[in-house]
K.L.:
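Starting off with a structure, shown below.
Just so it is clear, the structure is predicted and the values come from calculations on it, not from any experiment. Position 1 is the first residue of the sequence, and the numbers go up from there.
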Amino acid sequence: ASTKPNIDLEIQFDYNSADIAKTSVPSVQALGKALSDPSLKGWTFVVAGHTDAAGGDSYNQDLSERRADSIKRYLVEKYSIAATDLVTVGYGKSKLKDPSQPLAEVNRRVQVVNMENKATASK
């Protein structure tokens, strides 16, 4: 598996928004192109949404889920990635990238992580 393409990048969001930040569009486009590679067909990717520490737990949980869904929707619509290959999850403010700066924009993100190859996992 270590020889297979592995994507672990972060996509930033503006404060209180599930819309992809303009500065992150090139990253999302690069991700779409990478995930379109035939060698990744059948792989499962987790799209994990995060927020900063401002706001309540339930609001941030919902916002993080909407951020993950936003990336999934973009990839499915623009790059025809199979929706079943993208699993979304929201972590709210529970996994801050920079706990020393809980309100920093670096915490408002979506991570995309290559999890497994379905063909290999089912053996």
Side-chain angles (χ1 to χ4, degrees):
S2 62
T3 60
K4 294 288 185 186
N6 188 338
I7 299 166
D8 185 1
L9 59 87
E10 296 181 0
I11 299 157
Q12 302 293 298
F13 289 82
D14 292 330
Y15 179 75
N16 199 26
S17 174
D19 296 331
I20 301 165
K22 289 188 187 339
T23 56
S24 289
V25 170
S27 294
V28 181
Q29 290 171 336
L31 174 64
K33 289 176 190 165
L35 294 181
S36 298
D37 188 300
S39 70
L40 292 177
K41 190 166 180 65
W43 285 75
T44 300
F45 293 87
V46 172
V47 181
H50 301 270
T51 66
D52 62 23
D57 289 344
S58 62
Y59 177 81
N60 281 333
Q61 181 62 37
D62 179 66
L63 180 58
S64 66
E65 291 170 9
R66 288 188 291 127
R67 286 176 172 168
D69 289 341
S70 175
I71 297 300
K72 178 177 181 174
R73 190 170 43 255
Y74 186 94
L75 294 172
V76 169
E77 290 174 4
K78 304 268 189 211
Y79 291 92
S80 301
I81 307 296
T84 54
D85 290 347
L86 301 171
V87 178
T88 59
V89 64
Y91 288 108
K93 58 184 175 181
S94 68
K95 296 184 183 231
L96 298 175
K97 180 169 183 164
D98 185 355
S100 70
Q101 296 184 42
L103 302 180
E105 76 176 85
V106 70
N107 295 310
R108 301 188 294 267
R109 69 204 191 280
V110 164
Q111 293 175 294
V112 180
V113 182
N114 182 352
M115 294 305 291
E116 65 181 22
N117 180 310
K118 290 178 191 167
T120 304
S122 64
K123 291 183 181 174

K.L.:
Please tell me whether Val76 and Ile11 are part of a single hydrophobic cluster in this structure, the criterion being side-chain heavy atoms less than 4.5 Å apart.
P.N.:
yes
K.L.:
Quick one, Thr51 and Tyr59 - any side-chain contact, counting heavy atoms below 4.5 Å?
P.N.:
no
K.L.:
Count I, L, V, M, F, W, Y as connected when their side-chain heavy atoms are under 4.5 Å apart, and connections chain through other members. Are Leu96 and Phe13 then in the same cluster?
P.N.:
no
K.L.:
Measuring from Thr88:OG1 to Arg67:CZ, what's the distance to the nearest 0.5 Å?
P.N.:
14.5 Å
K.L.:
Would you call Phe45 and Leu40 a side-chain contact if the rule is heavy atoms closer than 4.5 Å?
P.N.:
yes
K.L.:
Please give me the minimum heavy-atom distance between Ser36 and Gly32, naming the atom from each residue.
P.N.:
OG-O, 2.7 Å
K.L.:
Show, in sequence, the C-alpha distance, side-chain angles and deciding distance for Leu35 and Asp85, and conclude whether the side chain to side chain contact (heavy atoms under 4.5 Å, CB included) test is met.
P.N.:
CA-CA 10 Å; Leu35 294 181; Asp85 290 347; over 6 Å; no
K.L.:
Nearest 0.5 Å, what's the CZ-CZ distance between Arg73 and Arg66?
P.N.:
10.0 Å
K.L.:
As an exercise, state the distance from OH of Tyr15 to CZ of Arg108, rounded to the nearest 0.5 Å.
P.N.:
8.0 Å
K.L.:
Considering residues, nucleotides and ligands other than Gln61, do more than 12 of their heavy atoms fall under 6.0 Å from its CD?
P.N.:
yes
K.L.:
Which heavy atom in Gly92 sits nearest to a heavy atom in Ser64, and how many Å separate them?
P.N.:
N-OG, 2.8 Å
K.L.:
When you group the ILVMFWY residues by side-chain heavy-atom contacts below 4.5 Å and let the links chain together, are Leu63 and Ile71 in the same group?
P.N.:
no
K.L.:
Any ion pair linking Lys93 and Asp57 (charged N to carboxylate O, less than 4.0 Å)?
P.N.:
yes
K.L.:
Quick one, Tyr74 and Ile20 - any side-chain contact, counting heavy atoms below 4.5 Å?
P.N.:
yes
K.L.:
Out of curiosity, Asp14 CG to Lys22 NZ, how far, rounded to the nearest 0.5 Å?
P.N.:
8.5 Å
K.L.:
May I ask you to decide if Lys97's main-chain N or O and Asn107's side chain share a donor-acceptor pair within less than 3.5 Å?
P.N.:
yes
K.L.:
Could you check Arg109, Gln12, Gln29 and say which one makes a side chain to side chain contact (heavy atoms under 4.5 Å, CB included) with Ser24?
P.N.:
Gln12
K.L.:
What are the two closest non-hydrogen atoms of Ala48 and Ala68, and how far apart are they?
P.N.:
C-CB, 4.4 Å
K.L.:
Classify the ring geometry between Tyr91 and His50 as parallel (under 30°), tilted (30 to 60°) or perpendicular (over 60°).
P.N.:
parallel
K.L.:
Rounded to the nearest 0.5 Å, what's the gap from CG on Leu31 to NZ on Lys78? Could you check?
P.N.:
14.5 Å
K.L.:
Are Leu103 and Val106 co-members of a hydrophobic cluster defined by side-chain heavy atoms under 4.5 Å apart?
P.N.:
no
